[in-house]
Amino acid sequence: MSTPRPSNKVAIRRGLIGAVILVVLLAAIFVLLGYVRQAQPSAAPPNPRPAPVAAQPSSKPSEAARPAPRIREVRELLRGRAEAVRTGNRAAFLAGIDPAAPEAFRAAQSRLFDNLRGVPLATWYYELDPRFATDPAGLAPQPGDPDELWAPKVELGYALAGIDERPTTRPMGYLFARKGNHWYLSSDTALGPGKTWRGPWDYGPCQTLRTQSGLVLYHQAGKASAQAVGAQLDAAVRAVTAVWGNGWSRKVAVFVPGGAEELRSLVGPEFAANTIAAVAVADSVNAREHVATGQRVVLNPDGAAQLSPQALSIVLRHEITHIAARKDTVDGAPMWLTEGFADYVGYVSSGIPVAKAAPDLAAEVRDGDVPEELPADTDFQADANTLDLAYQQGWTLCASISARYGQPKLVRFFLDVSRLGKIDEARLGRITQRDLGVDLDGLVRNWQGYLHSVLR
(Lines give C-alpha, C1' and ligand atoms only; values in the text may rest on other atoms or scores of the structure.)
Protein backbone atom coordinates (compact mmCIF):
# COMPACT_ATOMS: atom_id res chain seq x y z
CA MET A 1 0.00 0.00 0.00
CA SER A 2 1.36 3.42 -1.03
CA THR A 3 1.73 6.41 1.31
CA PRO A 4 -0.36 9.46 0.33
CA ARG A 5 1.80 12.43 -0.89
CA PRO A 6 1.23 15.85 0.73
CA SER A 7 -0.49 18.63 -1.16
CA ASN A 8 1.67 21.24 -2.96
CA LYS A 9 1.09 23.92 -0.28
CA VAL A 10 2.21 21.65 2.48
CA ALA A 11 5.26 20.64 0.48
CA ILE A 12 6.19 24.25 -0.21
CA ARG A 13 5.77 25.16 3.48
CA ARG A 14 7.95 22.24 4.53
CA GLY A 15 10.50 23.22 1.89
CA LEU A 16 10.69 26.76 3.26
CA ILE A 17 11.01 25.50 6.82
CA GLY A 18 13.83 23.14 5.73
CA ALA A 19 15.63 25.99 3.98
CA VAL A 20 15.41 28.18 7.07
CA ILE A 21 16.71 25.35 9.24
CA LEU A 22 19.59 24.79 6.80
CA VAL A 23 20.51 28.48 6.86
CA VAL A 24 20.47 28.51 10.67
CA LEU A 25 22.62 25.39 10.82
CA LEU A 26 25.13 26.82 8.37
CA ALA A 27 25.33 30.06 10.34
CA ALA A 28 25.90 28.14 13.54
CA ILE A 29 28.67 26.14 11.90
CA PHE A 30 30.41 29.31 10.70
CA VAL A 31 30.15 30.85 14.18
CA LEU A 32 31.50 27.67 15.75
CA LEU A 33 34.42 27.55 13.30
CA GLY A 34 35.24 31.14 14.10
CA TYR A 35 35.17 30.39 17.82
CA VAL A 36 37.45 27.40 17.38
CA ARG A 37 39.84 29.46 15.29
CA GLN A 38 39.96 32.14 17.95
CA ALA A 39 40.52 29.55 20.65
CA GLN A 40 43.63 28.15 18.94
CA PRO A 41 46.99 29.75 19.87
CA SER A 42 48.07 32.22 17.28
CA ALA A 43 51.23 31.47 15.36
CA ALA A 44 54.34 33.10 16.76
CA PRO A 45 55.89 35.93 14.74
CA PRO A 46 59.17 35.10 13.01
CA ASN A 47 61.30 36.66 15.80
CA PRO A 48 59.21 36.79 18.97
CA ARG A 49 60.42 39.11 21.70
CA PRO A 50 61.10 37.03 24.83
CA ALA A 51 58.76 37.55 27.73
CA PRO A 52 60.36 39.14 30.79
CA VAL A 53 61.72 36.75 33.40
CA ALA A 54 60.64 37.14 37.02
CA ALA A 55 63.21 39.07 39.07
CA GLN A 56 64.41 36.38 41.42
CA PRO A 57 67.35 34.05 42.00
CA SER A 58 67.90 31.30 39.45
CA SER A 59 65.28 28.96 40.87
CA LYS A 60 62.36 28.94 38.39
CA PRO A 61 62.37 28.33 34.63
CA SER A 62 61.93 31.42 32.49
CA GLU A 63 58.60 31.63 30.69
CA ALA A 64 60.05 32.14 27.21
CA ALA A 65 62.63 30.30 25.20
CA ARG A 66 65.78 32.32 24.71
CA PRO A 67 66.82 33.27 21.19
CA ALA A 68 69.23 30.64 19.91
CA PRO A 69 72.00 33.08 18.89
CA ARG A 70 72.32 34.47 22.42
CA ILE A 71 72.58 31.00 23.93
CA ARG A 72 75.09 29.91 21.34
CA GLU A 73 77.28 32.99 21.65
CA VAL A 74 77.39 33.05 25.45
CA ARG A 75 78.14 29.33 25.54
CA GLU A 76 80.99 29.94 23.14
CA LEU A 77 82.23 32.76 25.38
CA LEU A 78 82.25 30.40 28.37
CA ARG A 79 83.86 27.61 26.36
CA GLY A 80 86.68 29.94 25.35
CA ARG A 81 87.07 31.16 28.93
CA ALA A 82 87.38 27.58 30.20
CA GLU A 83 89.82 26.59 27.47
CA ALA A 84 91.95 29.62 28.28
CA VAL A 85 92.22 28.43 31.90
CA ARG A 86 93.09 24.89 30.85
CA THR A 87 95.72 25.97 28.34
CA GLY A 88 97.12 28.93 30.29
CA ASN A 89 96.13 31.49 27.62
CA ARG A 90 95.87 34.69 29.63
CA ALA A 91 95.08 36.93 26.65
CA ALA A 92 92.17 34.73 25.57
CA PHE A 93 90.81 34.65 29.11
CA LEU A 94 90.82 38.43 29.46
CA ALA A 95 89.41 38.94 25.95
CA GLY A 96 86.05 37.69 27.23
CA ILE A 97 85.82 40.41 29.91
CA ASP A 98 83.67 43.45 29.18
CA PRO A 99 86.03 46.35 28.33
CA ALA A 100 83.55 48.73 29.96
CA ALA A 101 83.28 46.71 33.20
CA PRO A 102 84.56 48.41 36.37
CA GLU A 103 88.31 48.32 36.79
CA ALA A 104 87.94 46.42 40.07
CA PHE A 105 86.20 43.54 38.28
CA ARG A 106 88.67 43.41 35.40
CA ALA A 107 91.59 43.47 37.85
CA ALA A 108 89.99 40.70 39.94
CA GLN A 109 89.58 38.54 36.83
CA SER A 110 93.20 39.12 35.91
CA ARG A 111 94.31 38.05 39.38
CA LEU A 112 91.98 35.03 39.27
CA PHE A 113 93.69 33.72 36.15
CA ASP A 114 97.15 34.22 37.66
CA ASN A 115 96.13 32.65 40.98
CA LEU A 116 94.97 29.48 39.21
CA ARG A 117 98.43 28.74 37.81
CA GLY A 118 99.39 26.83 40.94
CA VAL A 119 96.25 24.66 41.01
CA PRO A 120 96.55 21.15 39.50
CA LEU A 121 93.35 20.95 37.48
CA ALA A 122 92.11 17.81 35.77
CA THR A 123 89.30 19.82 34.17
CA TRP A 124 87.69 23.26 34.25
CA TYR A 125 84.45 24.07 32.43
CA TYR A 126 81.20 26.05 32.65
CA GLU A 127 77.61 24.86 32.28
CA LEU A 128 74.92 27.27 31.09
CA ASP A 129 71.23 26.56 31.61
CA PRO A 130 69.14 29.14 29.69
CA ARG A 131 65.89 27.88 31.25
CA PHE A 132 66.77 29.67 34.46
CA ALA A 133 67.63 33.34 34.67
CA THR A 134 67.50 36.44 36.80
CA ASP A 135 65.77 39.46 35.33
CA PRO A 136 68.43 42.15 34.79
CA ALA A 137 65.78 44.88 34.80
CA GLY A 138 66.03 45.15 38.58
CA LEU A 139 69.80 45.57 38.60
CA ALA A 140 71.69 48.81 38.98
CA PRO A 141 72.62 50.52 35.70
CA GLN A 142 75.61 48.84 34.10
CA PRO A 143 78.54 50.81 32.68
CA GLY A 144 79.18 51.08 28.97
CA ASP A 145 75.53 51.35 27.90
CA PRO A 146 75.17 47.70 26.81
CA ASP A 147 72.70 46.79 24.10
CA GLU A 148 71.45 43.84 26.12
CA LEU A 149 72.02 42.19 29.48
CA TRP A 150 71.51 38.54 30.32
CA ALA A 151 71.95 36.61 33.59
CA PRO A 152 71.32 32.90 32.91
CA LYS A 153 72.16 30.15 35.35
CA VAL A 154 75.87 29.29 35.13
CA GLU A 155 77.84 26.72 37.10
CA LEU A 156 81.57 26.21 37.27
CA GLY A 157 82.71 22.60 37.02
CA TYR A 158 86.20 21.61 38.02
CA ALA A 159 88.21 18.65 39.28
CA LEU A 160 91.54 18.53 41.06
CA ALA A 161 94.00 16.24 39.34
CA GLY A 162 94.65 13.07 41.28
CA ILE A 163 91.94 13.86 43.84
CA ASP A 164 88.48 14.18 42.33
CA GLU A 165 87.05 11.08 40.69
CA ARG A 166 84.24 13.26 39.34
CA PRO A 167 84.09 17.03 38.76
CA THR A 168 82.23 19.18 41.26
CA THR A 169 80.04 22.14 40.33
CA ARG A 170 79.54 25.47 42.04
CA PRO A 171 77.20 28.41 41.19
CA MET A 172 78.52 31.48 39.41
CA GLY A 173 76.36 34.61 39.43
CA TYR A 174 77.47 35.91 36.05
CA LEU A 175 76.01 38.90 34.21
CA PHE A 176 76.66 39.06 30.47
CA ALA A 177 76.49 42.18 28.31
CA ARG A 178 76.05 42.46 24.54
CA LYS A 179 77.86 45.24 22.71
CA GLY A 180 76.88 45.13 19.07
CA ASN A 181 77.48 41.57 17.89
CA HIS A 182 79.72 40.56 20.81
CA TRP A 183 78.88 39.18 24.24
CA TYR A 184 81.12 39.76 27.27
CA LEU A 185 81.26 38.77 30.92
CA SER A 186 80.37 42.01 32.64
CA SER A 187 80.16 41.17 36.37
CA ASP A 188 80.09 38.38 38.95
CA THR A 189 78.72 40.58 41.73
CA ALA A 190 75.84 42.48 40.10
CA LEU A 191 73.29 39.76 40.96
CA GLY A 192 73.94 40.23 44.67
CA PRO A 193 76.22 38.92 47.41
CA GLY A 194 76.73 35.18 47.66
CA LYS A 195 75.57 34.41 44.11
CA THR A 196 79.09 33.60 42.94
CA TRP A 197 81.06 30.90 44.72
CA ARG A 198 84.58 31.90 45.68
CA GLY A 199 87.37 29.36 45.61
CA PRO A 200 90.86 29.67 47.09
CA TRP A 201 92.03 31.20 43.80
CA ASP A 202 89.78 34.20 44.41
CA TYR A 203 91.78 35.09 47.52
CA GLY A 204 95.37 34.91 46.34
CA PRO A 205 98.00 32.93 44.44
CA CYS A 206 97.66 29.22 45.16
CA GLN A 207 100.46 26.81 45.92
CA THR A 208 100.26 23.05 46.24
CA LEU A 209 102.08 20.51 48.33
CA ARG A 210 101.71 16.95 47.01
CA THR A 211 101.87 13.76 49.06
CA GLN A 212 101.23 10.13 48.18
CA SER A 213 97.69 10.37 49.56
CA GLY A 214 96.63 13.79 48.36
CA LEU A 215 97.51 17.44 48.29
CA VAL A 216 97.49 20.55 50.44
CA LEU A 217 96.41 23.77 48.71
CA TYR A 218 97.48 26.98 50.42
CA HIS A 219 98.69 30.56 50.03
CA GLN A 220 102.22 31.65 50.82
CA ALA A 221 101.26 32.94 54.28
CA GLY A 222 99.98 29.49 55.21
CA LYS A 223 103.07 27.59 54.13
CA ALA A 224 104.06 26.48 57.64
CA SER A 225 100.59 25.05 58.34
CA ALA A 226 100.54 23.38 54.92
CA GLN A 227 103.89 21.72 55.58
CA ALA A 228 102.66 20.48 58.96
CA VAL A 229 99.59 18.98 57.29
CA GLY A 230 101.65 17.48 54.51
CA ALA A 231 103.87 15.71 57.02
CA GLN A 232 100.79 14.06 58.60
CA LEU A 233 98.50 13.45 55.64
CA ASP A 234 99.69 10.04 54.45
CA ALA A 235 99.76 8.56 57.95
CA ALA A 236 96.27 9.93 58.62
CA VAL A 237 94.88 8.33 55.46
CA ARG A 238 96.47 5.00 56.41
CA ALA A 239 94.99 5.18 59.92
CA VAL A 240 91.49 5.85 58.59
CA THR A 241 91.81 3.06 56.03
CA ALA A 242 92.93 0.62 58.75
CA VAL A 243 89.54 1.12 60.45
CA TRP A 244 87.19 1.87 57.56
CA GLY A 245 88.72 -0.34 54.89
CA ASN A 246 89.77 0.28 51.29
CA GLY A 247 86.30 1.12 49.97
CA TRP A 248 87.01 4.79 49.38
CA SER A 249 89.32 6.84 47.17
CA ARG A 250 92.08 7.23 49.81
CA LYS A 251 92.91 10.60 48.24
CA VAL A 252 92.33 13.79 50.21
CA ALA A 253 92.56 17.50 49.42
CA VAL A 254 93.24 19.80 52.35
CA PHE A 255 92.66 23.54 51.92
CA VAL A 256 94.44 26.03 54.16
CA PRO A 257 92.57 29.34 53.71
CA GLY A 258 94.29 32.64 54.20
CA GLY A 259 91.73 34.23 56.50
CA ALA A 260 88.25 34.24 57.98
CA GLU A 261 86.48 35.41 54.81
CA GLU A 262 87.97 32.64 52.71
CA LEU A 263 87.22 30.11 55.45
CA ARG A 264 83.53 31.10 55.48
CA SER A 265 83.38 30.88 51.69
CA LEU A 266 84.77 27.34 51.71
CA VAL A 267 82.80 25.87 54.63
CA GLY A 268 79.59 27.92 54.48
CA PRO A 269 77.91 30.18 57.03
CA GLU A 270 76.43 27.31 59.07
CA PHE A 271 79.75 26.60 60.76
CA ALA A 272 80.93 28.75 63.65
CA ALA A 273 84.43 29.27 62.31
CA ASN A 274 85.86 30.34 65.65
CA THR A 275 84.94 27.00 67.27
CA ILE A 276 86.47 24.60 64.77
CA ALA A 277 90.03 23.53 64.02
CA ALA A 278 88.96 21.94 60.74
CA VAL A 279 85.86 20.73 58.93
CA ALA A 280 85.20 18.20 56.17
CA VAL A 281 82.89 19.54 53.46
CA ALA A 282 81.32 18.19 50.26
CA ASP A 283 79.54 19.98 47.44
CA SER A 284 77.06 17.18 46.75
CA VAL A 285 76.28 13.68 48.02
CA ASN A 286 74.29 10.99 46.24
CA ALA A 287 73.91 8.21 48.78
CA ARG A 288 71.99 6.02 46.34
CA GLU A 289 74.88 6.01 43.87
CA HIS A 290 77.50 6.22 46.63
CA VAL A 291 79.06 9.35 45.17
CA ALA A 292 80.27 12.48 46.95
CA THR A 293 81.80 15.35 44.99
CA GLY A 294 83.95 18.29 46.03
CA GLN A 295 85.11 16.71 49.28
CA ARG A 296 87.70 18.83 51.08
CA VAL A 297 89.19 19.13 54.54
CA VAL A 298 89.32 22.84 55.32
CA LEU A 299 91.54 24.00 58.17
CA ASN A 300 90.86 26.99 60.34
CA PRO A 301 94.08 28.95 59.73
CA ASP A 302 94.06 30.38 63.26
CA GLY A 303 93.15 27.18 65.10
CA ALA A 304 95.39 24.87 63.07
CA ALA A 305 98.49 26.98 63.73
CA GLN A 306 98.06 26.36 67.47
CA LEU A 307 97.80 22.55 67.25
CA SER A 308 100.63 20.30 68.31
CA PRO A 309 101.67 17.63 65.76
CA GLN A 310 99.78 15.01 67.79
CA ALA A 311 96.64 17.12 67.98
CA LEU A 312 96.84 17.91 64.27
CA SER A 313 97.10 14.20 63.53
CA ILE A 314 93.90 13.49 65.48
CA VAL A 315 92.06 16.36 63.77
CA LEU A 316 93.07 15.13 60.32
CA ARG A 317 92.03 11.55 61.07
CA HIS A 318 88.68 12.75 62.40
CA GLU A 319 87.90 14.83 59.31
CA ILE A 320 89.23 12.25 56.87
CA THR A 321 86.92 9.69 58.49
CA HIS A 322 83.99 11.89 57.49
CA ILE A 323 85.33 11.97 53.92
CA ALA A 324 85.77 8.19 53.77
CA ALA A 325 82.28 7.51 55.13
CA ARG A 326 80.28 10.27 53.47
CA LYS A 327 79.33 8.51 50.25
CA ASP A 328 77.82 5.64 52.25
CA THR A 329 75.99 7.65 54.92
CA VAL A 330 73.17 10.17 55.20
CA ASP A 331 72.89 13.31 57.30
CA GLY A 332 70.68 13.11 60.37
CA ALA A 333 72.10 10.11 62.24
CA PRO A 334 72.69 10.62 65.99
CA MET A 335 75.63 12.95 66.43
CA TRP A 336 77.08 10.96 69.30
CA LEU A 337 77.64 8.20 66.75
CA THR A 338 78.74 10.22 63.70
CA GLU A 339 81.08 12.53 65.62
CA GLY A 340 82.01 9.90 68.19
CA PHE A 341 83.03 7.41 65.50
CA ALA A 342 85.21 10.03 63.77
CA ASP A 343 86.87 10.84 67.09
CA TYR A 344 87.31 7.13 67.78
CA VAL A 345 89.26 6.77 64.52
CA GLY A 346 91.27 9.84 65.46
CA TYR A 347 92.28 8.46 68.85
CA VAL A 348 92.35 4.69 68.34
CA SER A 349 95.99 4.43 67.30
CA SER A 350 97.25 7.63 68.91
CA GLY A 351 98.47 6.11 72.17
CA ILE A 352 96.77 8.89 74.15
CA PRO A 353 95.14 7.62 77.40
CA VAL A 354 91.38 8.06 77.63
CA ALA A 355 91.69 10.19 80.76
CA LYS A 356 93.94 12.64 78.92
CA ALA A 357 91.82 12.70 75.78
CA ALA A 358 88.56 13.14 77.74
CA PRO A 359 89.50 15.33 80.73
CA ASP A 360 86.02 16.81 81.30
CA LEU A 361 84.32 13.43 81.26
CA ALA A 362 87.06 11.92 83.45
CA ALA A 363 86.53 14.63 86.08
CA GLU A 364 82.78 13.96 86.15
CA VAL A 365 83.20 10.20 86.46
CA ARG A 366 85.68 10.58 89.29
CA ASP A 367 83.13 12.76 91.04
CA GLY A 368 80.54 10.02 90.69
CA ASP A 369 78.64 11.70 87.88
CA VAL A 370 78.47 8.90 85.30
CA PRO A 371 76.30 9.48 82.18
CA GLU A 372 72.92 7.76 82.41
CA GLU A 373 71.70 8.29 78.85
CA LEU A 374 73.00 8.75 75.34
CA PRO A 375 74.19 12.29 74.44
CA ALA A 376 71.58 14.45 72.71
CA ASP A 377 72.19 16.15 69.36
CA THR A 378 71.64 19.53 71.00
CA ASP A 379 74.71 18.91 73.16
CA PHE A 380 76.82 19.15 70.01
CA GLN A 381 75.70 22.64 69.04
CA ALA A 382 78.57 25.06 68.59
CA ASP A 383 77.29 27.46 71.24
CA ALA A 384 76.47 24.75 73.79
CA ASN A 385 78.41 24.68 77.06
CA THR A 386 78.37 20.90 76.75
CA LEU A 387 80.18 20.78 73.38
CA ASP A 388 83.54 19.45 74.58
CA LEU A 389 81.89 17.04 77.00
CA ALA A 390 79.54 15.79 74.27
CA TYR A 391 82.44 14.95 71.97
CA GLN A 392 84.22 13.13 74.79
CA GLN A 393 81.07 11.16 75.56
CA GLY A 394 80.52 10.29 71.91
CA TRP A 395 83.95 8.89 71.26
CA THR A 396 84.16 6.97 74.54
CA LEU A 397 80.77 5.42 73.71
CA CYS A 398 82.19 4.22 70.40
CA ALA A 399 85.36 3.08 72.15
CA SER A 400 83.26 1.07 74.61
CA ILE A 401 81.47 -0.68 71.71
CA SER A 402 84.81 -1.52 70.09
CA ALA A 403 86.28 -2.74 73.38
CA ARG A 404 83.34 -5.04 74.09
CA TYR A 405 82.32 -6.29 70.63
CA GLY A 406 85.35 -5.62 68.45
CA GLN A 407 86.15 -2.87 65.95
CA PRO A 408 84.48 -4.57 62.94
CA LYS A 409 81.15 -4.64 64.80
CA LEU A 410 81.54 -0.96 65.68
CA VAL A 411 82.10 -0.14 62.00
CA ARG A 412 79.06 -2.23 60.99
CA PHE A 413 76.87 -0.64 63.66
CA PHE A 414 77.99 2.85 62.62
CA LEU A 415 77.23 2.13 58.97
CA ASP A 416 73.88 0.46 59.63
CA VAL A 417 72.69 3.49 61.60
CA SER A 418 74.31 6.28 59.61
CA ARG A 419 73.13 5.17 56.21
CA LEU A 420 69.51 5.61 57.36
CA GLY A 421 69.76 9.25 58.33
CA LYS A 422 67.40 10.51 61.01
CA ILE A 423 65.70 7.65 62.86
CA ASP A 424 63.66 7.42 66.04
CA GLU A 425 64.79 5.81 69.27
CA ALA A 426 62.75 2.66 68.66
CA ARG A 427 64.47 1.91 65.37
CA LEU A 428 67.88 2.74 66.85
CA GLY A 429 67.11 0.25 69.60
CA ARG A 430 66.23 -2.48 67.10
CA ILE A 431 69.47 -1.95 65.17
CA THR A 432 71.44 -1.98 68.42
CA GLN A 433 69.79 -5.24 69.44
CA ARG A 434 70.43 -6.83 66.05
CA ASP A 435 74.06 -5.69 65.67
CA LEU A 436 75.27 -5.76 69.27
CA GLY A 437 72.84 -8.04 71.07
CA VAL A 438 71.72 -5.43 73.64
CA ASP A 439 69.02 -2.79 73.89
CA LEU A 440 69.77 0.91 74.39
CA ASP A 441 69.72 0.58 78.18
CA GLY A 442 72.23 -2.23 77.88
CA LEU A 443 74.37 -0.10 75.58
CA VAL A 444 74.46 2.66 78.21
CA ARG A 445 75.29 0.20 81.00
CA ASN A 446 78.18 -1.20 78.98
CA TRP A 447 79.42 2.34 78.40
CA GLN A 448 79.24 3.11 82.10
CA GLY A 449 81.28 0.01 82.89
CA TYR A 450 83.88 1.01 80.32
CA LEU A 451 84.19 4.50 81.82
CA HIS A 452 84.68 3.09 85.30
CA SER A 453 87.41 0.78 84.02
CA VAL A 454 89.42 3.39 82.10
CA LEU A 455 88.84 6.55 84.16
CA ARG A 456 89.20 5.34 87.75
Side-chain angles (χ1 to χ4, degrees), residues 240 243-245 247-248 280 285-288 290 292 317-318 321-348 354 357-358 360-362 364-365 367-382 384-456:
V240 172
V243 177
W244 187 251
W248 66 294
V285 180
N286 186 326
R288 177 175 297 178
H290 303 284
R317 296 176 189 201
H318 176 110
T321 299
H322 287 312
I323 286 181
R326 182 165 279 134
K327 68 184 180 65
D328 297 312
T329 58
V330 180
D331 288 344
M335 292 194 69
W336 69 262
L337 183 58
T338 56
E339 294 303 318
F341 180 76
D343 258 358
Y344 167 82
V345 178
Y347 282 108
V348 66
V354 177
D360 301 315
L361 180 58
E364 289 201 349
V365 172
D367 289 340
D369 189 7
V370 181
E372 296 182 354
E373 57 185 12
L374 300 173
D377 283 357
T378 53
D379 295 336
F380 290 84
Q381 293 176 355
N385 296 328
T386 56
L387 181 63
D388 290 340
L389 180 61
Y391 271 87
Q392 294 169 26
Q393 290 178 338
W395 88 261
T396 55
L397 239 169
C398 290
S400 72
I401 295 173
S402 177
R404 188 175 186 88
Y405 304 102
Q407 186 170 276
K409 282 202 172 182
L410 168 64
V411 174
R412 171 50 55 190
F413 175 66
F414 167 79
L415 186 56
D416 285 348
V417 174
S418 297
R419 68 185 176 187
L420 298 176
K422 192 172 184 62
I423 58 176
D424 57 27
E425 187 174 285
R427 192 169 189 187
L428 176 61
R430 290 194 295 270
I431 297 173
T432 305
Q433 186 73 55
R434 183 192 68 201
D435 286 4
L436 305 178
V438 294
D439 58 15
L440 293 181
D441 289 338
L443 181 65
V444 171
R445 286 194 300 271
N446 292 342
W447 176 34
Q448 291 170 336
Y450 173 81
L451 294 178
H452 283 301
S453 68
V454 298
L455 297 179
R456 283 187 172 179

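Computation of the quantities below employed the complete heavy-atom set of this structure, encompassing side-chain atoms and omitting hydrogens, waters and symmetry-equivalent molecules. Values in this document were obtained by computation on a predicted structure and should not be read as measured data. Residues: numbered from 1 along the sequence shown.
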Gln392 vs Asp388, side-chain contact (heavy atoms from CB on, under 4.5 Å): CA-CA, chis, key distance, verdict: CA-CA 6 Å; Gln392 294 169 26; Asp388 290 340; 4.2 Å; yes
Go through it in stages, so that I can follow the logic: the residues are Leu428 and Leu337, the test is side-chain contact (heavy atoms from CB on, under 4.5 Å), and I'd like the CA-CA distance, side-chain angles, deciding distance and then a yes or no. CA-CA 11 Å; Leu428 176 61; Leu337 183 58; 5.7 Å; no
Verdict with reasoning, Met335 to Thr338, per side-chain contact (heavy atoms from CB on, under 4.5 Å): CA-CA 5 Å; Met335 292 194 69; Thr338 56; 4.2 Å; yes
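Side-chain contact, Thr396 with Trp447: a donor N or O sits under 3.5 Å from an acceptor N or O.
Listed for the Asp367 side chain is no donor-acceptor partner under 3.5 Å among the backbone atoms of Asp369. For the pair Arg326 (side chain) and Ala280 (backbone), a donor-acceptor distance under 3.5 Å is present. Gln381 places no side-chain N or O within 3.5 Å of a backbone atom of Leu387 that could act as its donor or acceptor partner. Although no hydrogens or angles enter the test, the distance criterion places no donor-acceptor pair under 3.5 Å between the side chain of Asp328 and the main chain of Ala325. Using modelled atom types, one side-chain atom of Thr386 and one backbone atom of Asp379 make a donor-acceptor pair closer than 3.5 Å.
Here the side chains of Val411 and Phe341 are in contact, with some heavy-atom distance below 4.5 Å. Looking at Asp435 and Phe414, their side chains never come closer than 4.5 Å, going by heavy atoms from C-beta outward. Two residues are said to be in side-chain contact when any heavy atoms from C-beta on lie closer than 4.5 Å; Leu436 and Phe413 meet this criterion. The shortest side-chain heavy-atom distance between Val243 and Leu410 does not fall under the 4.5 Å cut-off. Using a 4.5 Å heavy-atom threshold, the side chains of Pro371 and Leu361 count as touching.
Here the straight-line distance linking atom CG of Asp360 with atom OH of Tyr391 works out to 14.0 Å at 0.5 Å rounding. Atom CZ in Arg412 sits 12.0 Å away from atom NZ in Lys409 (nearest 0.5 Å).
Environment of CZ in Arg434: crowded, with over 12 heavy atoms of neighbouring residues, nucleotides or ligands closer than 6.0 Å. Within a 6.0 Å sphere centred on CG of Asp439, heavy atoms belonging to other residues, nucleotides or ligands number more than 12.
Scanning both residues, Thr432 and Leu440, for their nearest heavy atoms gives OG1-CD2, 3.5 Å. Of all heavy-atom pairs spanning Ala324 and Trp244, the tightest one is O-NE1, 3.4 Å. Nearest heavy atom pair, residue Arg317 against residue Val240, reads O-CG2, 3.5 Å.
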